[in-house]
J.: 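For reference, the structure I am asking about is given below.
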2 protein chains.
Amino acid sequence: MRSRTTPDTPRTGRPRSAEADEAILEATRAALVELGWSKLTMGDVATRAGVAKTTLYRRWANKNELVVDAVAVLFDQLELPDLGSLQADIEHVVLQFAGLLERPETKTALMAVVAESTRDAPLRERIRASIVDRQKRLVLDGRRRAQERGELPSEREPLTADAIDDLIFDVVAGAVVHRALVSAEPVDAQWVARLSALLVGGLGAVAALG
Amino acid sequence: MRSRTTPDTPRTGRPRSAEADEAILEATRAALVELGWSKLTMGDVATRAGVAKTTLYRRWANKNELVVDAVAVLFDQLELPDLGSLQADIEHVVLQFAGLLERPETKTALMAVVAESTRDAPLRERIRASIVDRQKRLVLDGRRRAQERGELPSEREPLTADAIDDLIFDVVAGAVVHRALVSAEPVDAQWVARLSALLVGGLGAVAALG
DNA sequence: CCATTACGCTACGACCCGTAGCGAAAGGCT
DNA sequence: AGCCTTTCGCTACGGGTCGTAGCGTAATGG
């Protein structure tokens with residue numbers, strides 16, 4: 001966590017209510033499901049959480065940061081069990097990610113906060129730290145495992161390896177998001193099978209570039 | 001075009017001002033550059049366009065539809081010149097698309113309207129018709145040319161061919177958008193070269209699935 | 001018991017929304 | 001020409017949200 005506006009925890013005075021924290025985040029998710037991003041208001045969230053509006057503003061400066069924190073915890077579920085092959089690992093994590101994007105909270109919130117982040121560097125950093133990096137770690141773990149199995153060669157140039165990791169991440173995450181939110185079509189097993197085949201088949205060609 | 005709210009063009013009465021139309025769309029783009037999506041207001045756009053606020057609402061029901069129309073024309077620039085090879089065609093169109101996403105108008109607007117469209121089916125359809133389909137046609141043209149050159153086999157199953165088109169489209173568009181807006185890193189020639197190598201190398205593996 | 005901070009509550013100015021009502025302008029129709 | 005119809009600019013309005021200020025009260029630590 002460690003993300004909301006808590007610059008220096010004071011050692012004196014009444015402490016912040018942890019129950020209020022969780023109630024606010026839960027109320028935010030509920031409001032996202034019910035109203036969506038654009039119709040969600042701070043006053044409504046406060047009412048749902050049984051909390052005064054001023055209590056919200058003591059913790060989050062604006063709607064953007066509140067929603068990022070409310071949605072971020074959902075991405076903690078993402079895991080990468082070792083299924084024995086690169087293709088199986090890819091398919092599993094893609095289906096997991098797609099499952100998250102099916103949820104109405106994330107569907108309406110994720111794109112909205114990313115859109116806002118194009119003009120708000122601190123927000124972009126907050127999203128990166130609490131959501132994006134968590135996904136990216138799965139790519140790194142997947143590549144490491146595939147190398148240990150001998151499915152992928154160990155890249156000699158660390159700079160190139162990083163660039164390929166970045167590419168894979170943008171391709172996988174971007175494709176799933178685009179399929180789910182822009183094309184608005186289901187991320188089903190067949191589509192995932194084709195995507196992972198494309199990746200596994202294409203990785204060799206990319207590595208050959210050097 | 002043919003997108004704004006003009007259900008049945010009446011043949012009587014004072015006609016709508018075409019100058020006002022263009023002034024409003026231009027003012028909308030300017031406001032997007034200067035203020036971004038979230039701080040753009042209908043009143044401000046009207047003032048910039050030198051037009052009354054009521055004139056806006058006679059044409060567009062809300063901010064979402066106005067912004068979609070204002071941004072859509074930018075996507076008319078996308079073209080697919082025949083560069084002689086599939087890889088060259090891919091790299092060219094990806095760089096073109098990335099150039100569009102670099103512009104502050106599209107950067108702030110595209111994700112925002114897509115986010116809104118998750119709860120607004122008519123808006124989603126409007127985006128699809130005026131923006132997404134225009135991009136997708138490039139994919140179809142590119143595949144047809146590659147087949148004519150003998151770079152790609154002609155798929156026997158039309159259903160499979162459509163599914164692969166969909167996949168390619170989501171992968172390319174999704175990867176570029178994710179790279180530009182989420183990872184917030186440049187879509188430069190080297191990244192594009194790796195992406196197109198991944199695609200060209202992986203297409204064979206996907207086709208082998210049947 | 002005192003300093004300090006969080007809390008709930010109320011109230012407030014500022015802003016934006018979307019619409020109504022008006023008189024004037026700009027076309028088509030006969 | 002005269003009439004009809006629709007658009008235009010303008011003003012004004014109720015309704016809603018924002019983010020903050022001010023207050024008295026509650027909950028900690030020294």
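What you see is a predicted model; the values in this text were computed from it and never measured. Convention: sequence-line order gives letters A, B, ...; per-chain numbering from 1.
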J.: Return whichever of B/Arg14 or B/Lys39 has its heavy-atom-nearest nucleotide of DNA chain C closer to the 5' end.
T.: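 Comparing both residues, the 5'-ward one is B/Lys39.
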J.: Of the listed nucleotides (D/dA27, C/dG27, D/dT7), which one gets closest to any side-chain atom of B/Thr12?
T.: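 Minimum distance to the B/Thr12 side chain belongs to C/dG27.
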J.: Can you check salt bridge (charged side-chain N to carboxylate O under 4.0 Å, His left out) on B/Asp166 and B/Lys136, steps first, answer last?
T.: CA-CA 8 Å; B/Asp166 290 351; B/Lys136 194 160 188 176; 2.6 Å; yes
J.: What is the separation between atom CD on A/Glu65 and atom C1' on D/dG19, rounded to the nearest whole Å?
T.: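 It is 15 Å, rounded to the nearest whole Å.
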J.: Which one, C/dC16, C/dC7, D/dG19, comes nearest to the side chain of B/Thr41?
T.: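 That would be C/dC16.
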J.: Please report, rounded to the nearest Å, how far the C1' atom of D/dA21 is from the NZ atom of A/Lys53.
T.: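 Between C1' of D/dA21 and NZ of A/Lys53: 12 Å.
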J.: Rounded to whole Å, please give me the gap between CZ in B/Arg58 and C1' in D/dC8.
T.: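 That distance rounds to 6 Å.
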J.: Find out whether B/Arg179 and B/Glu185 are in side-chain contact, i.e. whether some heavy atom of one side chain is under 4.5 Å from a heavy atom of the other.
T.: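 Yes, their side chains come closer than 4.5 Å.
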J.: Consider the side chain of B/Arg59, meaning its heavy atoms from C-beta on, and name the nucleotide among D/dC8, C/dT4, D/dG19 that approaches it most closely.
T.: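 Per side-chain heavy atoms of B/Arg59, the pick is D/dC8.
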J.: If you assign each of A/Pro15 and B/Pro15 to its closest nucleotide in DNA chain D, which residue comes earlier from the 5' end?
T.: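 Between the two, 5'-proximity favours B/Pro15.
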J.: Specify the separation, in whole Å, of atom NZ of A/Lys63 and atom C1' of D/dC18.
T.: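 From A/Lys63 NZ to D/dC18 C1': 11 Å.
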J.: When the distance from OH of A/Tyr57 to P of C/dC7 is rounded to whole Å, what number comes out?
T.: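 Answer to the nearest Å: 16 Å.
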J.: Between atom CD in A/Glu19 and atom P in C/dC7, what is the gap in whole Å?
T.: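 Going from A/Glu19 (CD) to C/dC7 (P), I get 10 Å.
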J.: Do A/Glu116 and B/Trp37 touch side chain to side chain, with heavy atoms closer than 4.5 Å?
T.: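 Yes; the side chains approach each other to less than 4.5 Å.
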J.: Whole angstrom is fine here: how far is it from CZ in B/Arg16 over to P in D/dG9?
T.: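 Answer to the nearest Å: 12 Å.
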J.: When you check the phosphate oxygens OP1 and OP2 of C/dA6, does a side-chain N or O of A/Ser17 lie under 4.0 Å from one of them?
T.: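 For A/Ser17, the contact criterion (side-chain N or O under 4.0 Å from OP1 or OP2 of C/dA6) is not met.
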J.: Counting side-chain heavy atoms from CB outward, which of D/dG9, C/dG27, D/dC18 is closest to B/Thr55?
T.: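 Of all the options, the side chain of B/Thr55 is nearest to D/dG9.
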J.: With nearest nucleotide decided by heavy atoms, which residue, B/Gly50 or A/Leu40, maps closer to the 5′ end of DNA chain D?
T.: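 Looking at DNA chain D, the more 5' nearest nucleotide goes with B/Gly50.
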J.: With under 30° as parallel and over 60° as perpendicular, where do the rings of B/Phe75 and B/Phe97 fit, or are they tilted in between?
T.: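 Tilted.
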J.: What I'd like to find out is whether the side chain of A/Leu198 reaches to under 4.5 Å of the side chain of B/Leu198, using heavy atoms alone.
T.: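 Answer no - side chains too far apart.
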J.: At less than 4.0 Å, is any side-chain N or O atom of B/Thr54 found next to OP1 or OP2 of D/dC8? Yes or no.
T.: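 For D/dC8, neither OP1 nor OP2 has a side-chain N or O of B/Thr54 closer than 4.0 Å.
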J.: Rounded to whole Å, how long is the line connecting atom CG of A/Leu56 with atom C1' of C/dA6?
T.: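 So the CG-C1' distance, A/Leu56 to C/dA6, works out to 14 Å.
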